[in-house]
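All remarks here apply to the structure that follows.
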Amino acid sequence: DISMYVMTPEYGAASQLEKINMLDYADMVCVNKFDKAGALDALHDVRKQYKRNHQLWSAKDEELPVIGTIAAQFNDAGINELFERLMEKVAEKCEVKFSGDIQHHAHTKDTFSQSTIIPPKRVRYLAEIAETISAYDSWVIEQSAIATKLYQLDGTLTAASALSAVVQEELNKIKRSLEEQLHPECKKLIQSWPEVLERYKKEFYEFKVRDKVIKQPLTYNSLSGTVLS
């Protein structure tokens, strides 16, 4: 009962519009991807051809059922107007009565008011998140390697007490260089690790939530009565 022709601004030259028969028969014409370059000129040309095909020489552009839309944009003004005009056509051609009056809000310029959830400058936000996580993972691997070398050096220095002072001094230089590369937060985590380990060795892991102490069991009894952690 109702036909709608959906097109994009990339239809070629204005003369190509004369070959599109759907402009003669469609009740609605939707020029989607209205955020593309040259979309306003395309909308003007399509409306001009629509007037010519339907001999609506005195009709105003905003009165024509030719709407520019950005379907990929949340709460797009063009999509809203398209829906309102579609409901008008349904009421007109199908004799369907709606409660309340239907009004369409003509737009042109406000189509570009990007009412998006994701701002245009952040269209790569998922890629940025992935890049940030990847960079963090690389940093963790790097810091972990430094901490491992420091642990090995500590063991070497302890076992190499009988070595000459020159060798021990060289090992200490390497150790100081690695300590400078280790992030302060990582140092803090390593220093507090014995305390964390001790907390997990207890029967309950205790922490506070709004001044209330919560006890989380860290062990359980097997069917044979063995205490497992």
Side-chain angles (χ1 to χ4, degrees), residues 8-10 32-37 39 69-79 111-229:
T8 63
E10 298 97 345
N32 195 35
K33 299 185 179 179
F34 205 58
D35 50 340
K36 297 286 186 180
T69 65
I70 306 174
Q73 176 172 272
F74 177 75
N75 196 27
D76 177 55
I79 292 292
T111 301
F112 294 100
S113 60
Q114 299 282 335
S115 56
T116 53
I117 296 176
I118 304 169
K121 293 182 180 179
R122 298 303 306 278
V123 292
R124 289 189 67 255
Y125 84 106
L126 287 177
E128 290 173 1
I129 292 172
E131 290 168 0
T132 302
I133 293 173
S134 179
Y136 175 77
D137 290 343
S138 299
W139 177 79
V140 168
I141 293 171
E142 177 189 343
Q143 291 291 305
S144 176
I146 293 171
T148 300
K149 289 178 182 178
L150 280 170
Y151 178 76
Q152 293 168 343
L153 270 174
D154 282 338
T156 302
L157 285 168
T158 302
S161 57
L163 295 176
S164 65
V166 176
V167 175
Q168 291 187 21
E169 180 60 28
E170 288 298 323
L171 291 175
N172 281 318
K173 284 183 180 179
I174 298 173
K175 181 180 178 181
R176 287 193 292 270
S177 175
L178 290 172
E179 286 176 340
E180 290 176 359
Q181 299 175 44
L182 193 65
H183 193 274
E185 192 65 30
C186 296
K187 289 181 182 178
K188 184 178 178 181
L189 288 172
I190 293 172
Q191 291 169 357
S192 63
W193 175 246
E195 181 183 345
V196 174
L197 190 62
E198 190 62 31
R199 291 177 68 184
Y200 276 96
K201 285 182 178 179
K202 295 179 180 179
E203 186 178 356
F204 295 94
Y205 182 80
E206 299 182 1
F207 56 94
K208 282 187 177 182
V209 177
R210 297 178 183 176
D211 297 328
K212 182 181 179 181
V213 178
I214 306 297
K215 289 187 176 182
Q216 182 68 34
L218 295 175
T219 60
Y220 67 94
N221 295 329
S222 67
L223 293 177
S224 61
T226 304
V227 178
L228 301 175
S229 58

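One-based numbering along the sequence shown. Side-chain atoms are counted along with the backbone in the values below, which use heavy atoms only and exclude waters and symmetry mates.
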Quick check: closest heavy atoms across [X] and [Y], and the distance to 0.1 Å?
| X | Y | answer |
| --- | --- | --- |
| E206 | K215 | OE2-CE, 3.2 Å |
| L157 | Q168 | CD2-O, 4.1 Å |
| L178 | I146 | O-CG2, 3.5 Å |
| I79 | I70 | CG1-O, 4.0 Å |
| P9 | K33 | CG-O, 3.6 Å |
| E169 | R176 | OE2-NH2, 3.2 Å |

Applying side chain to side chain contact (heavy atoms under 4.5 Å, CB included), run through L182 and I190 and close with a yes or a no.
CA-CA 11 Å; L182 193 65; I190 293 172; 3.9 Å; yes

Using modelled atom types only, decide if a donor and an acceptor are shared between the side chain of [X] and the backbone of [Y] within a distance under 3.5 Å.
| X | Y | value |
| --- | --- | --- |
| T148 | S144 | yes |
| S138 | S134 | yes |
| Q143 | Q181 | yes |

More than 12 non-hydrogen atoms from neighbouring residues, nucleotides or ligands closer than 6.0 Å to OH on Y151, yes or no?
no

Just wondering, do K175 and D154 contact through their side chains at under 4.5 Å, heavy atoms?
yes

Distance from [X] atom [atom1] to [Y] atom [atom2], nearest 0.5 Å?
| X | Y | atom1 | atom2 | answer |
| --- | --- | --- | --- | --- |
| L171 | K173 | CG | NZ | 11.0 Å |
| L126 | E131 | CG | CD | 11.0 Å |
| W193 | E198 | CH2 | CD | 12.0 Å |
| L218 | E203 | CG | CD | 9.0 Å |
| L150 | I174 | CG | CD1 | 11.0 Å |
| Q73 | F34 | CD | CZ | 11.5 Å |

Sequence-distant partners of T8, side-chain hydrogen bond (donor to acceptor under 3.5 Å, both in side chains), two or more places apart:
E10

Kindly write out the residues that satisfy ring pair (Phe, Tyr, Trp, His ring centres under 6.0 Å) with Y220, not counting sequence neighbours, or none if the list is empty.
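Residues passing ring pair (Phe, Tyr, Trp, His ring centres under 6.0 Å) with Y220: none at all.
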
